[in-house]
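Here the structure is laid out as structure tokens; the discussion comes afterwards.
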Amino acid sequence: MPLAVDPQLHSSFPSSAKEGSERQMRQACEEFEAFFVQAMFKSMRNTIPEGGMIERSNGQKWFEEFMDAEVAKSLAQKTDLGVAQALYQEMAGTMTRDNFQQSPPARQVHIKG
């Protein structure tokens, strides 16, 4: 499926505009990583059964959602989970064969049949 926007489009900008667009693209990738981590936290919280001695209020649920969003944003900015970097490389068109070979090899699964 072709992309609606050409990721190589930014290469024709002057250097200062190119640096600005690269910074914006990195920021967008970090924001996506934060969104991804927040969705993961939400899924993890959904596995905890409701009930118990003290019922959770709506305020507590909202607080947990906001806390998860802030923790996810902080994780995306301060740690390297790899999602933002991989997305940036893909969008910037810098994903090369060398980048793939630097990552650890995937385990091979053999199916007998």
Side-chain angles (χ1 to χ4, degrees):
M1 175 169 65
L3 295 174
V5 177
D6 183 13
Q8 299 295 328
L9 181 66
H10 71 281
S11 63
S12 63
F13 293 143
S15 63
S16 62
K18 183 177 179 181
E19 289 172 6
S21 67
E22 287 178 0
R23 192 175 330 112
Q24 289 176 338
M25 190 170 17
R26 278 199 190 277
Q27 183 179 3
C29 292
E30 283 181 3
E31 289 174 6
F32 176 79
E33 184 175 74
F35 174 76
F36 178 77
V37 172
Q38 182 182 1
M40 185 176 64
F41 286 164
K42 184 176 182 178
S43 295
M44 290 166 56
R45 282 199 193 276
N46 288 339
T47 63
I48 299 171
E50 290 288 325
M53 289 183 67
I54 301 173
E55 194 68 30
R56 287 179 26 200
S57 67
N58 284 337
Q60 185 177 1
K61 291 176 187 178
W62 284 16
F63 175 79
E64 288 173 351
E65 286 182 25
F66 286 123
M67 185 182 69
D68 288 348
E70 289 301 313
V71 170
K73 189 188 322 182
S74 178
L75 278 173
Q77 290 174 348
K78 295 179 181 170
T79 60
D80 187 19
L81 300 176
V83 175
Q85 182 66 24
L87 184 61
Y88 176 80
Q89 288 177 344
E90 183 65 31
M91 290 175 63
T94 59
M95 186 69 81
T96 63
R97 187 168 181 80
D98 295 334
N99 292 5
F100 284 117
Q101 292 182 3
Q102 290 175 358
S103 61
R107 293 187 336 186
Q108 293 183 355
V109 178
H110 299 283
I111 300 174
K112 296 180 182 179

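Just so it is clear, the model here is predicted, and its values are computed rather than measured.
Within the 3.5 Å criterion, the main-chain N or O of A39 finds a donor-acceptor partner in the side chain of S43.
The nearest pair of heavy atoms linking L75 to F41 is CD1-CZ, 3.9 Å. Nearest heavy atoms, A34 versus K73: CB-CA, 3.8 Å. Closest heavy-atom contact between L81 and E33: CB-OE2, 3.5 Å. Contact detail for Q38 and A72: the closest heavy-atom pair is N-CB, 3.6 Å.
The cluster map of Ile, Leu, Val, Met, Phe, Trp and Tyr, joined by side-chain heavy atoms under 4.5 Å apart, puts M67 and M44 in the same cluster.
Counting non-hydrogen atoms of other residues, nucleotides and ligands closer than 6.0 Å to NZ of K42 gives a total of 12 or fewer. By the neighbour-count criterion of 12 heavy atoms within 6.0 Å, atom CD1 of I54 is sparsely surrounded, having that number or fewer from other residues, nucleotides or ligands.
Below 30°, between 30° and 60°, or above 60°: for F36 and F32 the angle between ring planes is below 30°, a parallel geometry.
Among residues two or more places apart in sequence or in another chain, the side-chain contact (heavy atoms from CB on, under 4.5 Å) test is passed with E64 by R45, R56, Q60.
Counting only heavy atoms from C-beta outward, the side chains of Q27 and E30 never approach each other to under 4.5 Å.
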